[in-house]
Every structure is written in C-alpha cells, then in structure tokens.
Protein chains: 2
Amino acid sequence: MSPRVVSEGDRRRRRPTKQGAVLSQRLIIDTALRLVEQHGADALSVRRLGIALGADPSALYRYFRNTDDLLLALADEFIGRSLEGWEATGDWRTDLRAMGLRIHHSYHGQPQAALLVAHRTTGRIHETRAVETILGILRDGGFPDPLAVRIYHSFADQALAFAAQDAAAAALPPAAAEADAEVWRQAYGPLPAATHPHVAATYPLLAADMSGSGYPFALELMLTALETLHPDGAGGGRRDR
Amino acid sequence: MSPRVVSEGDRRRRRPTKQGAVLSQRLIIDTALRLVEQHGADALSVRRLGIALGADPSALYRYFRNTDDLLLALADEFIGRSLEGWEATGDWRTDLRAMGLRIHHSYHGQPQAALLVAHRTTGRIHETRAVETILGILRDGGFPDPLAVRIYHSFADQALAFAAQDAAAAALPPAAAEADAEVWRQAYGPLPAATHPHVAATYPLLAADMSGSGYPFALELMLTALETLHPDGAGGGRRDR
DNA sequence: GTTTACACGTCAATGGTGTTGACGTAAGCT
DNA sequence: AGCTTACGTCAACACCATTGACGTGTAAAC
C-alpha cells in the first residue's frame with residue numbers, strides 16, 4: 001500500500017482530474033492563495049479549494065497531510081515573498097523602520113497564513129536571513145552586542161506581534177470585523193462625561209485614530225527611544241531637548 | 001412571539017434543565033472559561049459547552065445571539081479580571097508600566113483563553129473602563145489630547161499584541177513547544193560566521209535572551225520615548241487639571 | 001388559590017466543515 | 001503489450017453553528 005501523500009520528488013503519474021486539471025503542490029498553493037485574496041480568508045476550505053481546482057476535495061490529501069500542512073506551505077511561500085528585494089541604506093533608523101513596516105505589511109497581506117506562522121520559530125532559511133539582517137543593522141549601527149541583542153528581540157517580537165494582531169483583525173469573518181468597527185461608534189460614542197470623562201473628551205480623536213493600526217507610531221516610539229540609548233549620545237544629533 | 005435572546009435584566013423564568021442546572025449568563029461564561037482553561041481553546045464549542053452545563057446546546061441561544069456574542073462576553077470578563085484591584089499612583093510612568101505588565105501577565109496566565117480573545121474590541125463595560133483608565137493616566141499626566149490618543153492606541157495595541165504573542169507560545173502543545181525551543185539550538189547554533197556573521201557573533205547572548213518575552217524591554221523603550229515627547233521636556237512632573 | 005401567558009429548555013433538521021477507507025482506472029515503467 | 005500502483009473519486013463519518021417548532025411548567029395576574 002502506498003502512503004497517502006507522496007513527496008514531490010517521487011511523484012510520477014500526472015493524472016488529470018475529471019475536469020482536466022493536472023494537480024501539483026505548486027498549482028494547489030497558487031490556487032489557494034488566489035482563493036484567499038479574492039474571496040477572503042474563510043473562503044479557504046478543502047471543499048472550496050477542490051472546486052476551484054476542478055478536482056475532488058479529497059484529492060488534496062494526496063499532496064498535503066492535512067490542512068495545517070497546506071497552510072504552513074502557504075505561509076512559507078509568502079515569507080519568501082516578503083523579504084524579496086529589500087536593500088540596506090546604511091542608516092540604522094531608516095533600515096529598521098523599513099524592515100519593521102515591511103514585515104508588518106506583508107503579514108497583513110496574507111492574514112490567514114500569517115496567523116499560523118507568526119508565533120512559530122521556523123528556523124528556515126528566510127527566517128534566519130531576517131534575523132541576520134536585523135542584527136546586522138543594529139551592530140553595524142553602533143549598538144554594543146548585549147544591547148543589540150535585547151533590541152533585536154524586542155524589535156522582532158514587536159513587529160511579529162503587531163503583524164499577527166493586525167492580521168487577526170483582517171482575518172476575522174466579515175460579520176465580526178464589521179462588529180468590531182461599529183463598536184467604536186455604538187459603544188464609545190454615547191459614553192457620558194459623568195462616568196467616562198476622558199473617553200468623552202477625546203471621542204472624535206479616538207474614533208478617527210483607532211481605525212488604523214497602532215504599529216507605525218509604536219515603531220516610531222521605539223526608534224525614538226533607541227536614539228537615546230545609542231552610545232553616541234543623541235544618536236547623531238537628530239533629537240534635541 | 002418572544003425574541004430568541006432576552007436581555008439579562010428582563011429575564012424572569014429560571015427554569016432548570018433536564019439535568020437540573022439553572023442557566024444564566026454568569027454560569028455560562030464561567031463554565032466556558034473553565035472549559036477553555038482545562039481542555040484548551042479547541043474544546044470550546046456550543047455542543048461541548050452545552051454538555052458541560054448539563055443543557056441542550058441550543059439553550060445557549062437564549063442567552064447569546066451567537067458564538068461571537070459569547071466570545072466577546074468572554075473577552076470582556078477576561079479584561080475585567082486582569083485589571084481587578086489595580087490602583088493609580090499618580091505618576092504616569094509607573095501607572096502605564098503597571099498597566100502594561102498587568103495585562104501582559106494575566107493573559108500569560110490564561111494563554112488558551114487569551115488567544116481566543118486578544119484581538120477583539122468588545123465595547124463592553126470592562127473594556128471601556130480600561131480605555132478610560134489608560135486615557136486618564138495620559139491626560140492627567142500632561143499629554144495633550146491628540147498625542148494622548150495616539151499614545152493610547154499604540155500602548156494598548158502593544159500590550160495586547162505581545163500578550164497574544166506570548167500566550168500563543170505558552171499555549172503550544174508540549175511537543176510543539178519543545179520543537180520550537182530546539183530550533184534555536186539546532187538551526188541557529190550551527191550557523192557559520194561565513195554566511196551569518198552577526199548571528200554567529202552573538203549566538204550565546206541570543207540564545208539566552210530569546211527564552212524570555214520581549215515585552216518588558218519593549219515597554220521600557222516606549223516609556224523612554226514618551227519622556228522625550230512629553231510637553232514638559234524631560235517629563236519631570238505630574239500635571240494637574 | 002386558580003388561571004393564564006409565555007419564557008425557555010428541548011428536539012429535529014439543515015448545510016457546513018475536515019478527514020479516511022475502499023475502489024478502479026489509466027499512466028508510465030519494463 | 002502487460003503490469004503495478006499512483007492517484008482521482010466516491011461515500012461515509014463525526015463534528016460544527018444555527019434555526020423553527022413545540023410543549024412544559026413557572027411566575028405573574030386575578
């Protein structure tokens with residue numbers, strides 16, 4: 001008896017489905033990504049993916065052990081894409097900022113896969129390269145090793161944590177996402193100054209600010225703090241007091 | 001015809017189930033939290049919750065409109081518990097720090113539930129009180145409204161994002177957690193200086209640092225940055241209103 | 001105390017999900 | 001040309017959230 005899933009290298013018989021599609025891991029991953037992009041995260045089910053491929057849903061189990069296996073493959077795919085094409089400028093502020101925003105942005109683009117991978121340590125090639133790059137920015141930027149390592153840890157965790165957080169929001173079923181957005185109008189708007197003076201006083205500002213991600217400003221705050229920790233005093237004289 | 005779900009105030013008839021349980025929102029939420037605590041986030045389904053309560057699963061729909069409604073109630077309960085007993089000192093640095101660590105800590109203590117809940121906006125009583133409290137710390141601390149709001153947003157998101165991130169790590173099944181820890185030794189330890197000079201140079205520091213959470217340091221960085229943004233320059237004193 | 005209205009627990013059914021075992025066809029080797 | 005067996009298909013299982021109909025028995029009204 002043959003194992004249910006055959007590794008891609010050993011695959012031989014390319015047998016078309018009833019509807020004429022010739023399956024492969026590549027085709028399945030690409031189709032799944034397209035499905036998620038076009039119809040949202042919850043459109044990705046084995047049954048729907050089967051239909052989109054023109055194959056019986058159970059055929060997928062010839063290519064992936066289970067849906068988790070498939071989603072990890074998806075995640076790995078976009079990690080690769082998210083690191084593509086970045087180049088260092090040599091200024092640690094600029095480079096850290098770009099790195100953070102890039103991670104955050106690319107995870108946000110594929111929330112479903114992001115959710116799965118954001119809190120795992122993969123140790124794979126793209127991840128190790130990212131670690132190396134960020135550490136390099138900090139050490140070449142003049143931070144001593146112990147500080148560079150602590151900063152790396154907080155910087156990377158913060159980028160991933162915010163990315164996962166925002167991805168989770170983006171991956172909510174439409175109804176729940178709508179509800180979360182409405183909450184700021186319906187629950188916080190009517191709060192009276194008597195019981196919630198600070199919310200009442202700042203409500204318009206709040207409602208406007210909360211619609212976006214808190215990450216960009218958090219990143220700027222971190223960069224600001226790093227300037228004061230930099231061994232060269234004010235960190236190149238950008239900040240004054 | 002009566003609406004399917006009756007608001008808690010208007011509820012009158014307390015009719016025991018076949019198995020003798022007398023349902024209420026309180027009982028349901030407490031049971032759900034216990035279920036998640038004991039058997040993990042995946043154990044929370046309407047059917048299983050019904051069984052745990054000793055009631056037909058569909059009885060839940062007399063108390064919550066749907067599972068999302070139940071989840072939000074769960075989330076708010078969680079927020080409430082994590083802020084129980086906190087008291088302001090009047091110093092915004094101390095208070096913000098305490099607030100952040102408290103959120104982070106309580107989520108870490110209930111990782112399974114935290115995962116389920118960390119990225120929702122509930123708009124309910126405990127959450128609004130938390131928002132009011134944090135905004136109050138910032139405004140009473142002397143930050144002008146537009147800045148206070150931006151800071152609130154990034155501060156709260158940071159605490160929640162890290163909490164979810166660390167909860168996710170703590171909630172991994174033992175086997176997967178072991179595997180993730182091993183990755184740092186097996187994948188990063190052997191990286192040669194030729195291809196990954198920065199990782200190789202700092203590996204002992206890295207391995208030691210990565211075992212903890214990045215949040216405490218990230219929080220300190222944020223507080224440091226806030227000092228420089230404070231209108232009183234070095235952020236010396238408390239401002240009265 | 002008796003009556004009455006209806007709240008709410010229960011049942012059954014719907015349409016979704018991931019996953020597996022059995023089966024036979026046809027693909028690609030010899 | 002014949003043989004093996006990979007792999008696409010089918011059917012079934014166990015679970016999921018949710019809803020409409022129903023009737024019991026509680027608590028209010030009298």
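Labels below follow one simple rule: chain letters A, B, ... track the order of the sequence lines, proteins then strands, and each chain is numbered from 1.
- B:Ala59 comes within 4.0 angstrom of a nucleotide base, judged by non-hydrogen atoms across all strands.
- Side-chain contact, B:Glu132 with A:Tyr188: no donor N or O sits under 3.5 Å from an acceptor N or O.
- Rounded to an integer number of Å, the gap from A:Asp69 CG to C:dT20 C1' is 16 Å.
- For B:Thr17, whose side chain is taken as the heavy atoms from C-beta onward, the closest listed nucleotide among D:dT18, C:dG9, D:dC16 is C:dG9.
- Checked against side chain to side chain donor-acceptor pair (under 3.5 Å), B:Arg34 has no partners two or more places apart in sequence or in another chain.
- Counting to the nearest Å, the C1' atom of C:dA12 and the OH atom of B:Tyr61 are 15 Å from each other.
- Rounded to a whole Å, the CZ atom of B:Phe64 is 18 Å from the C1' atom of D:dT19.
- Enclosure of atom CZ in B:Arg124 by more than 12 non-hydrogen atoms of other residues, nucleotides or ligands within 6.0 angstrom is indicated.
- Residue B:Leu27 qualifies as enclosed at atom CG: its count of foreign heavy atoms under 6.0 Å is above 12.
- One donor-acceptor pair, N or O on each side, does fall under 3.5 Å between the base of C:dC11 and the side chain of B:Ser58.
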Could you pull out the protein-nucleic contacts involving nucleotides 21-23 of chain D (nitrogen or oxygen on both sides, under 3.5 Å)?
unit_1: D:dG23; atom_1: N2; unit_2: B:Arg15; atom_2: NH1; d: 3.3

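- Ranked by how close their nearest DNA chain D nucleotide is to the 5' end, B:Ala43 and A:Pro16 are led by A:Pro16.
- An end-to-end axis angle of 10° holds for the helix from C:dG1-D:dC30 to C:dT30-D:dA1, taken from five base pairs per end and rounded to 10°.
- Scanning atom types as modelled, one donor and one acceptor separated by under 3.5 angstrom connect the side chain of A:Arg47 and the base of C:dG18.
- Legend: residues meeting side chain to side chain donor-acceptor pair (under 3.5 Å) with B:Arg48, ordered by chain and number and at least two apart, are absent.
- In this pair, A:Phe162 and A:His104 present their aromatic rings perpendicular. The plane angle is above 60°, beyond the 30 to 60° band.
- The line from CD1 of A:Ile29 to CG of A:Leu70 is 7.0 Å long, rounded to the nearest 0.5 Å.
- At whole-Å resolution of the value, CG in B:Leu60 and P in D:dT19 are 13 Å apart.
- Nearest nucleotide to the side chain of A:Tyr63, out of D:dA17, C:dT19, D:dG8: D:dG8.
- Distances from the side chain of B:Asp56 to the nucleotides C:dC11, C:dG18, D:dT18 place C:dC11 closest.
- For the side-chain contact (heavy atoms from CB on, under 4.5 Å) test, residues two or more places apart in sequence or in another chain that qualify with B:Ala118 are B:Tyr107, B:Ala164.
- For the pair B:Arg48 CZ and D:dA14 P, the interatomic distance rounds to 15 Å; values are reported in whole Å.
- One atom, NZ of A:Lys18, and another, C1' of C:dT25, lie 11 Å apart when rounded to the nearest Å.
- Side-chain atoms of A:Leu23 lie closest to D:dG8 of the nucleotides D:dA17, C:dG18, D:dG8.
- One interatomic measurement links the two molecules: CG of A:Leu70 to P of C:dT17, which rounds to 15 Å at whole-angstrom precision.
- In this entry the distance linking CG of B:Leu44 with C1' of D:dC15 reads 15 Å, nearest Å.
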Atom pairs and distances, donor-acceptor, side-chain atoms in residues 201-210 of chain A, under 3.5 Å, two or more places apart:
unit_1: A:Thr202; atom_1: OG1; unit_2: A:His198; atom_2: O; d: 2.8
unit_1: A:Tyr203; atom_1: OH; unit_2: A:Trp184; atom_2: O; d: 3.1
unit_1: A:Asp209; atom_1: OD2; unit_2: B:His153; atom_2: ND1; d: 2.9

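- No side-chain donor-acceptor contact under 3.5 Å links B:Thr128 to the backbone of B:Gly123.
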